[in-house]
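When reading the values below, keep in mind they use all heavy atoms of this one structure, side chains included, and skip hydrogens, waters and symmetry mates.
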Amino acid sequence: MLTSVWIGADAVRAVTGKTKGGVLEIGAWRSEPLPPECVAGGVLVNEEPVRAALTALKEKMPDAAQGVRVVIDSGGVLVRKATAPKLPDKKLRQLVQSEFVSMAQGRGELVYDYMTLGGAGAAQELLCAAAEKGLLESYIAVFAGAGLRVRGINAAAGALANLAGIDLLLDKTCIVCVADGSMLDAALFVDGRFAFYNTTRLLAARGGYDSFAEIGRTLSSLIQFNASQHNGRQVSAVYFGGLTPEEAAPGALLSLVEGSYAVSAQAFGVSAQIKGAFGDAGAFPAAQYLFCVGDLYEGGRRA
């Protein structure tokens, strides 16, 4: 089984699993808490607590010793969609780099990659990514310090895009959000296909009305973006990951979203394509490990 690890603002989360026949089989999941402010916007501000948490996870999850995949959710990772002809990998990588010429100004050395999102005929859709090399190196180093080998790195946007193969989103026009500390990642899916992504920094403290209003404005912008595409589809649902107990409480954020935007709003749940979701610790809380779930799920296409 593969192990996917995501270093969030309040904890290091890991899931082991494998995809077989379009179904993600969960082997184990664990989280190790982090002290406040040691990770800010995906940047490792204080590496020692992160290294200690990774070491603890390695001891409790034997599969991690074989190497891990890592999901990075940071402003240091740039992403955008592009349409390209079907070309050899080398030429596609040149095209990907050209997508970030203007965005790369003022940044350090960038590393480029892409994943395919499908397509029709001679064209294909790509999710392009450019990550600051220093950011990637800091992650690889902290994992190495815990005795873990990094086998691959995925952007948070790529992990969300992979969820397009999950039956919960099948043929739906909806939004999937993951809240982590002051970061809010939001992906728009149209007819079950990944269509748009953005990340927002939340200024208000999580759990209060001001924070709910900020999240609502992000959702509103995605709903308006979808309407501007004149695709004949309306956003019907919003699925959340990473909600706090205050946000998930009755009459709180979910109720506000449903009442304001005429959509259904709920935490991202376990679907028929996620198996082994019950263990000694109870039901697998997919919404709290959503980046890891998307990273491990291979029902979608990955470059």
Quick one: closest heavy-atom pair of Ser221 and Asn198, and the distance?
-> OG-ND2, 4.3 Å
Could Asp191 and Lys172 be called an ion pair, given the rule that one side-chain N must be under 4.0 Å from one carboxylate O?
-> no
With no hydrogens and no angle check, is any side-chain donor or acceptor of Glu109 less than 3.5 Å from a backbone partner on Lys133?
-> no
May I ask you to decide if Gln66's main-chain N or O and Arg149's side chain share a donor-acceptor pair within less than 3.5 Å?
-> yes
Charged N to carboxylate O below 4.0 Å: is that the case for Glu247 and Arg206?
-> yes
Spell out, as yes or no, whether a donor-acceptor pair under 3.5 Å connects the side chain of Ser138 to the backbone of Leu135.
-> yes
Check the angle between the aromatic planes of Phe212 and Tyr209 and answer parallel, tilted or perpendicular using the 30° and 60° thresholds.
-> perpendicular
Is the backbone N or O of Gly76 less than 3.5 Å from a side-chain atom of Ser74, with the two atoms forming a donor-acceptor pair by type?
-> yes
Do we see a donor-acceptor contact under 3.5 Å between the side chains of Ser98 and Gln94?
-> no
Closest heavy-atom pair and its distance - Leu127, Ala161 | CD2-CB, 4.1 Å
Only one of Leu168, Leu163, Ile175, Val178 passes side-chain contact (heavy atoms from CB on, under 4.5 Å) with Tyr239; say which it is.
-> Leu168
Does Asn46 use its side chain to pair, donor to acceptor, with the backbone of Val39 at less than 3.5 Å?
-> no
Verify the ring-centre separation between Phe240 and Phe268: is it less than 6.0 angstrom?
-> no
Between Arg13 and Asp10, is there a side-chain N and carboxylate O pair less than 4.0 Å apart?
-> yes
Examine Tyr289 together with Phe284 and report whether their ring centres are nearer than 6.0 Å.
-> yes
Minimal heavy-atom distance between Arg51 and Ala146, with the atoms involved, is O-CB, 3.8 Å
Nearest heavy-atom contact between Val96 and Ala129 is CG1-O, 4.3 Å
Is it true that a side-chain atom of Thr218 and a backbone atom of Ala186 form a donor plus acceptor pair closer than 3.5 Å?
-> no
Where the side chain of Arg107 meets the backbone of Glu132, is there a donor-acceptor pair that is under 3.5 Å apart?
-> no
Go through the steps for Ser220 and Gln224 under the test side chain to side chain donor-acceptor pair (under 3.5 Å), then give the verdict.
-> CA-CA 6 Å; Ser220 177; Gln224 291 176 31; 3.0 Å; yes
When you check the side-chain N and O atoms of Arg201 and Ser182, is any donor under 3.5 Å from an acceptor?
-> yes
Does a sphere of radius 6.0 Å around CD in Glu246 hold more than 12 heavy atoms from other residues, nucleotides or ligands, not counting ones at 6.0 Å or beyond?
-> yes
Distance-minimising heavy-atom pair for Asp180 and Ala9 | OD1-N, 3.0 Å
Test: Arg193 and Glu125 ion pair at under 4.0 Å | yes
Is there a side-chain contact between Ile72 and Asn154, using heavy atoms and a 4.5 Å cut-off?
-> no
Pair Asn162, Asp295: side-chain N/O donor-acceptor within cut-off below 3.5 Å | no
Side chains of Gln273 and Tyr297: is there a donor and an acceptor less than 3.5 Å apart?
-> yes
